[in-house]
Amino acid sequence: MCGIIGFCGEEEAVPVLLEGLEKLEYRGYDSAGVAVISGDGVIRIRKRKGRIASLREKIEAEEPLPGTVGIGHTRWATHGEPNDVNAHPQAGMSGRIVVVHNGIIENYREIRQFLERRGYKFLSETDTEVVAQLMEYYYLGKGDLMDAVYSMLDRIKGSYALGILCSDYPGQLIAARKDAPLLIGYGEDGNYIASDVTALLSHTRTVSYLEDEEVAVITKDQVTVYDAGRLVVDKELHTVEWDVSAAEKGGYSHFMIKEIMEQPEAVRKTLSPRLRDGRIFFEELGEDPAFIRNCSSIYIIGCGSAYHVGVVGKYMLEKHLRIPAEACLASEFRYSDPIVGPDTLVIVISQSGETLDSMAALREAKRRGARTLAIVNVIGSSIAREADYVIYTWAGPEIAVATTKAYSTQLLLISMLTVYFKDQLGKITPEEYDEYVDELLALPDKLDQVLARVGNIQKTASKYFNLDSMFFIGRNLDYALGLEGSLKLKEISYIHSESYAAGELKHGTISLMEPGVLVVAIATCESVLDKTFSNMVEATSRGADAVVLTTEEHAGNFEKTVKAVLSVPSTHDLLQANLNIVPLQLFAYYVALNRGCDIDKPRNLAKSVTVE
Ligand code: G6P
């Protein structure tokens, strides 16, 4: 979702801003813009609907934007359609205050009316213009910039990450945040603000994370951060380990395929630090057995693919721990008055660690006294910082909007946690434990074997890419996986796709089975394999085509019945999903490729969803 970059340094700001915006493109956006302040205090703005490339063209075609201080923004429209006027930066009426903003100002209508009554004219439909105008109103009234910042922040309700320029202060930019990510980068050639670290990697690895209600004043050689009471805060500096190449395509045509191919490595990096001498360790949990022994129920919360990991987790944790476990969409959990208390474990899963609904669900769980555990990829993100415990997936930066390697590492951690907790509850035999660890160690190599079968998947994708409708069916963990397979397909190929528990097909959906429909049957869970097979046959009997995803030992049986079988090696039940997901990701990728879709940046989608 929207991205912010800001720079205050020695060199011209425009190239730095544009490069930063390009790095933020993956978050999802539909317009972009920059504002640069020159030494004599003139703020020039350029903004445009569409891609950064077209903003770049506009900048090159028009009068230059001189200056070494500036802010830039990629906008994912919420208030007002994506067009040039609604794009950020937004300015106050006199042009003195210019703002970029992520988040939503909930009371913007009321403030807009307040200002309109005082003669303010608005050009856009955005809530952000209200911020710029309101700040200008206070600045003109009070004559003090920081007073104006704090008065404006006091008045607005909602979430925000803000980058602010003022024409009377050409050497500085101001940043503020509440419930939307913003970090500060400390470079040798100047200082930066950004929504996420990928925009800064080529300039600096030293960052600090702005906390809610903090305000930063940034010049080329100084960063001063104030809290809500205007006291100076001593910020802790962090060094980012991710390297630049991890956030570049490295010869692949898309980030998505690169990230799919990186999964054996990502899985290896996630499991190895937690595996020693054949034992699983989660030092992050304080090695406290009471953690799980006192637990009477488990909620696993997330959005999108992270929620789908939650569904897998529900099956795994409940079956092995014999503790009731529920997967819950973050957006539903927070408003559902859930039965959560001190003996509930709430696991929040999030790649970005910034998804607003997941963050709000986490806060709700904490408010009700639950123990909270976050599984997060982005280090230092809001969810990681607010949960009682955090376990990081070491997937590295994930750029494609459609998650793949982060999903895989989340799956892995849920599986490892299941075994870890099962052991702490004394419910696993040494033999079972060893068997699991053996398969865990073999997982990266088995993932390589699955990836080597890409040719077969490509062939299957080129056969079916023209269809309008697909259904993913399976039972138990295969059903949970189908949810993700279906989401991957629809988000990047725009083919209508749904996922069903195979047994549910007969209760309505079977009426949609006819020639031209594809059913992807996932049949790897031994105990329900035959039943899924029967459900698939019910669909093919009505004219639908079927592709089956199964383990090598069962592939032969299916080959007799269906035209395409995607096979994977067998592994431990608790790790099978990690192998199964790969063909489904590749299938979605090649279907989308055949259809000529913008795979890394699917329409309307955002990588990190920071609004409700
Ligand atoms: C967006 C992304 C999905 C992701 C979901 C949750 O919808 O496009 O890929 O699964 O947000 O994001 P999170 O960062 O919390 O995992």
Side-chain angles (χ1 to χ4, degrees), residues 1-3 24-29 76 78 102 179-181 195-198 255-256 259-260 266 300-313 327-334 346-363 372-387 390-393 395-411 413-414 480-481 483-494 499 581 584-585 588-589 592 597-612:
M1 207 152 261
C2 308
L24 294 171
E25 275 191 296
Y26 79 98
R27 294 168 66 91
Y29 71 107
W76 188 88
T78 55
N102 292 354
D179 294 336
S195 311
D196 73 57
V197 77
T198 43
F255 279 108
M256 184 177 177
E259 288 161 5
I260 289 173
I300 317 159
I301 293 170
C303 302
S305 300
Y307 163 73
H308 294 159
V309 176
V311 181
V312 170
C328 201
L329 291 161
S331 52
E332 289 297 314
F333 176 86
R334 54 186 296 203
V346 173
I347 303 175
V348 179
I349 304 179
S350 174
Q351 187 285 128
S352 63
E354 299 293 351
T355 303
L356 189 81
D357 280 320
S358 304
M359 182 71 211
L362 169 68
R363 287 184 178 161
T372 56
L373 160 60
I375 297 180
V376 173
N377 193 41
V378 177
I379 296 147
S381 54
S382 306
I383 292 174
R385 283 180 293 142
E386 285 200 25
V390 57
I391 298 179
Y392 284 114
T393 50
E398 191 179 63
I399 307 296
V401 164
T403 178
T404 52
K405 61 176 181 171
Y407 171 87
S408 284
T409 51
Q410 291 163 354
L411 269 187
L413 285 177
I414 276 289
L481 203 79
L483 295 169
E484 179 62 6
S486 169
L487 179 67
K488 281 290 89 76
L489 182 82
K490 82 177 95 180
E491 64 185 347
I492 61 169
S493 73
Y494 317 141
S499 173
I581 191 57
L584 299 181
Q585 295 166 339
Y589 175 79
C597 298
D598 189 354
I599 294 180
D600 284 340
K601 297 189 278 286
R603 68 186 182 207
N604 306 338
L605 293 182
K607 180 79 181 156
S608 165
V609 178
T610 46
V611 297
E612 264 199 71

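Counting convention: from 1, in listed order, for ligands and their atoms alike.
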* Does the Lys405 side chain pair with the main chain of Ala266, one donor and one acceptor, at a distance under 3.5 Å? -> no
* To do: Measure the distance from atom 10 (O) of ligand 1 to every protein heavy atom, then report the residue, atom name and distance (to 0.1 Å) of the closest one.
  => Ser305 N, 3.0 Å
* Structure fact -> for atom 6 (C) of ligand 1, nearest protein heavy atom and its distance come out as Cys303 O, 3.3 Å
* Asked: Measuring from the heavy atoms of Leu605, does anything fall under 4.0 Å of ligand 1?
  -> no
* Ignoring hydrogens and geometry, is there a side-chain-to-backbone donor-acceptor pair from Glu354 to Val609 under 3.5 Å? -> no
* How far is atom 9 (O) of ligand 1 from its nearest protein heavy atom, and which residue and atom name does that atom have? -> Val401 O, 3.4 Å
* To do: Using non-hydrogen atoms of the residue, decide whether Ala606 is closer than 4.0 angstrom to ligand 1.
  => yes
* Asked: Are Asp598 and Arg603 close enough for a salt bridge, meaning some N to O gap below 4.0 Å?
  -> no
* N/O to N/O below 3.5 Å, does that happen between Ser358 and ligand 1? -> no
* Asked: Nearest heavy-atom pair of Val378 and Ser352: which atoms, and what distance?
  -> CB-O, 3.4 Å
* To do: Starting from atom 12 (O) of ligand 1, find the nearest protein heavy-atom neighbour and note its residue, name and distance.
  => Thr355 OG1, 3.3 Å
* Structure fact -> When distances are taken from atom 14 (O) of ligand 1, the protein heavy atom at minimum range is Ser352 OG, 2.6 Å
* Considering only heavy atoms of Ser350, which atoms of ligand 1 have at least one such atom less than 4.0 Å away? -> 13 (P), 14 (O), 15 (O), 16 (O)
* Starting from the C-alpha separation in whole Å, work towards a yes-or-no answer on side chain to side chain contact (heavy atoms under 4.5 Å, CB included) for Val376 and Gln351. => CA-CA 5 Å; Val376 173; Gln351 187 285 128; over 6 Å; no
* Applying side-chain hydrogen bond (donor to acceptor under 3.5 Å, both in side chains) between Glu398 and each of Asn377, Thr393, Thr403, report the one that passes. => Thr403
* For atom 16 (O) of ligand 1, the option (of Glu484, Gln351, Lys607, Glu354) bearing the nearest heavy atom -> Gln351
* Run the contact test for Ala402 against ligand 1 with a 4.0 Å cut-off on heavy atoms, strictly below, and give the result. => no
* **Backbone N/O of Gly380 and side chain of Arg385: donor-acceptor pair under 3.5 Å** => yes
* Asked: Should the pair Lys607-Asp600 be classified as a salt bridge under the 4.0 Å nitrogen-to-oxygen rule?
  -> no
